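Read through the structure below, which is laid out as structure tokens, and then see the notes.
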Amino acid sequence: MKRFVYNGQPGRVVFGPGALAQLGKEIQALGARRALVLSTPEQRASAEHVAQILGARAAGVFDRAVMHVPIETAREARELARKLDADCAVAVGGGSTTGLGKAIALDSGLPILAIPTTYAGSEMTPIYGITEGGLKKTGRDAKVLPRTVIYDPELTLTLPVGLSVTSGINAIAHAAEGLYSVDSNPVMDLMAEEGIRALGRALPAIRADARDLEARGDALYGAWLCGIVLGNVGMALHHKLCHTLGGSFNLPHAETHTIVLPHALAYNAKAAPEAMRRIARALDGAGAPQAVFDLAQDNGAPVALRDIGMKAEDLDRACDIALQNQYPNPRPLEREAIRQLLQDAFEGKRPSAG
Ligand SMILES: NC(=O)C1=CN([C@@H]2O[C@H](COP(=O)(O)OP(=O)(O)OC[C@H]3O[C@@H](n4cnc5c(N)ncnc54)[C@H](O)[C@@H]3O)[C@@H](O)[C@H]2O)C=CC1
Ligand SMILES: O=C(O)/C=C\C(=O)CC(=O)O
């Protein structure tokens, strides 16, 4: 008999092509009068478009979001929010931009309205990350959970195919680890399997036609479900390895998730057979690690850490860092086997079945 605790996270979702048109109404519903719009430098035009929709309710645009939220950028954005007397942050972009909004909210309590344009899922979580002195610290705080999320698939049509595939597999990683989480529950399991299924369907269709709006909607739907799982249940070895590789070796976030996931699943396969069965079923494959590997490789994503900047001589240190603290994982953390996992991921081996 299952025993579990289920805690729904508050938050409003407006979903669908053209949903961005609801922005004015949604800001008004939040009671905000002066919104600071956030973006990366590359998405400045999207931020300006959002500011235009907000009209008099736009206080300004800050376009310097970058990956992993450096504390200096967070301080600059917080200062600007104070100077402009902003009462809300609107984050238009991927996990980096939502992350910057969270850093402002953590400090000031300002509500966030998120408009995600990748599949990372940060908009659905109370998890924040800030990097200081080369070290990324993450934490959970209800204050940083966006109050409203507008998912508009039209805004993802410009997401390059390569990043669409790796970002989609980043989302699948949340659901996969959610299925064997120490605090999983039946509702999250349903969302996790459905999220993986939607992304498994959508990514090849996006690869075939990046402007396929139906597939873009499917991918965003999957990302939403996977993001909910990340926000509600604890992650395990895979996320720990990716944070180590991203935080200490500066590897790109979505690509790292894509490469490591098949190997983390292979490591945990025997200890979490029901999770593996559900992942394989969602991807219509014979085995979960192999199905995830094939999804990446068949859609042109990198499959070897050595191809995204990892150095062979750093693998021992990565293994040591990932094992510094104990954390729940279906299979106990065994140094030799985890070092082999990293070697396999480094070389881009397809995990063997059984
Ligand atoms: N706190 C949380 O719950 C989570 C946090 N994250 C964090 O988010 C960051 C990674 O976020 P990602 O979304 O992977 O990447 P990102 O937000 O850094 O975006 C990658 C690049 O793609 C561009 N881009 C985004 N959407 C686009 C679009 N529709 N069209 C064209 N270009 C677009 C961005 O401007 C940027 O240049 C990492 O720092 C990661 O740790 C990721 C997942 C969950
Ligand atoms: O590192 C963070 O900012 C928080 C969580 C994540 O990045 C989740 C992930 O690894 O995709």
Side-chain angles (χ1 to χ4, degrees), residues 9 20 38-47 49-50 63-70 73-74 91-103 105-106 112 114-131 135-141 144-146 149 151-178 206 210-211 216 219-220 223-224 226-248 250-258 260-261 264:
Q9 310 262 20
L20 185 60
L38 308 172
S39 74
T40 60
E42 298 82 13
Q43 288 181 283
R44 169 91 200 184
S46 302
H49 179 53
V50 161
D63 71 356
R64 287 203 289 284
V66 288
M67 206 167 273
H68 303 313
V69 195
T73 313
V92 56
S96 299
T97 307
T98 308
L100 180 61
K102 287 177 167 182
L106 186 67
I112 304 171
I115 308 171
T117 62
T118 70
Y119 309 129
S122 175
E123 68 282 355
M124 280 296 132
T125 84
I127 306 168
Y128 61 87
I130 298 180
T131 304
L135 271 185
K136 181 165 179 176
K137 288 193 194 132
T138 57
R140 279 180 180 258
D141 193 313
V144 309
L145 180 73
V149 179
Y151 284 107
D152 186 339
E154 286 176 2
L155 303 179
T156 63
L157 292 173
T158 50
L159 188 65
V161 168
L163 186 51
S164 300
V165 173
T166 55
S167 186
I169 297 177
N170 179 195
I172 288 177
H174 308 328
E177 289 226 296
I206 290 170
R211 298 195 65 83
R216 289 295 190 178
L220 211 48
W224 168 49
C226 295
I228 296 175
V229 177
L230 174 67
N232 278 276
V233 300
M235 298 288 111
L237 176 65
H238 167 76
H239 279 73
K240 180 68 179 183
L241 288 172
C242 292
H243 284 184
T244 300
L245 294 167
S248 303
N250 207 25
L251 297 194
H253 182 81
E255 288 92 331
T256 304
H257 270 272
T258 300
V260 172
L261 185 61

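Read the numbers this way: they start at 1 and go in the same order the structure lists the ligands and their atoms. Being a predicted model, the structure only gives us computed values, none of them experimental.
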Note: Thr117 and Thr156 closest approach over all heavy atoms is O-CG2, 3.8 Å
Which atoms form the tightest heavy-atom contact between Val233 and Arg140, and what is the distance?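 Closest approach of Val233 to Arg140: O-NH2, 4.0 Å.
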Check: [Y] and [X] side chains under 4.5 Å, non-hydrogen atoms:
X: Tyr128; Y: Thr138; value: no
X: Ser39; Y: Asp63; value: yes
X: Thr258; Y: Val165; value: no

So, 4.0 Å and heavy atoms of His257: is ligand 2 close enough to count as a contact? yes
Looking only at heavy atoms of Lys136, does any of them come nearer than 4.0 Å to an atom of ligand 2? yes
Does atom CG (Asn250) have a neighbourhood of more than 12 heavy atoms from anything else shown, all under 6.0 Å? no
What is the distance from atom CD of Gln43 to atom OG1 of Thr118, rounded to the nearest 0.5 Å?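 The distance works out to 8.5 Å.
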Could you list the atoms of ligand 2 found under 4.0 angstrom from a heavy atom of Ile127? 4 (C)
Please list, in number order, the atoms of ligand 2 under 4.0 Å from a heavy atom of Asn170.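 Result: 11 (O).
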Protein neighbours of ligand 1 with a heavy atom under 4.0 Å, given by chain and number, are Thr40, Glu42, Gln43, Met67, His68, Gly94, Gly95, Ser96, Lys102, Thr117, Thr118, Ala120, Ser122, Thr125, Ile127, Lys136, Leu155, Thr156, Thr158, Leu159, Leu163, Leu230, His253
Among Met235, Arg140, His243, which one has a heavy atom closest to atom 5 (C) of ligand 2?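 The nearest heavy atom belongs to His243.
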By ring-ring contact (aromatic ring centres under 6.0 Å, His included), His257 pairs with (sequence neighbours left out) His238, His239, His253
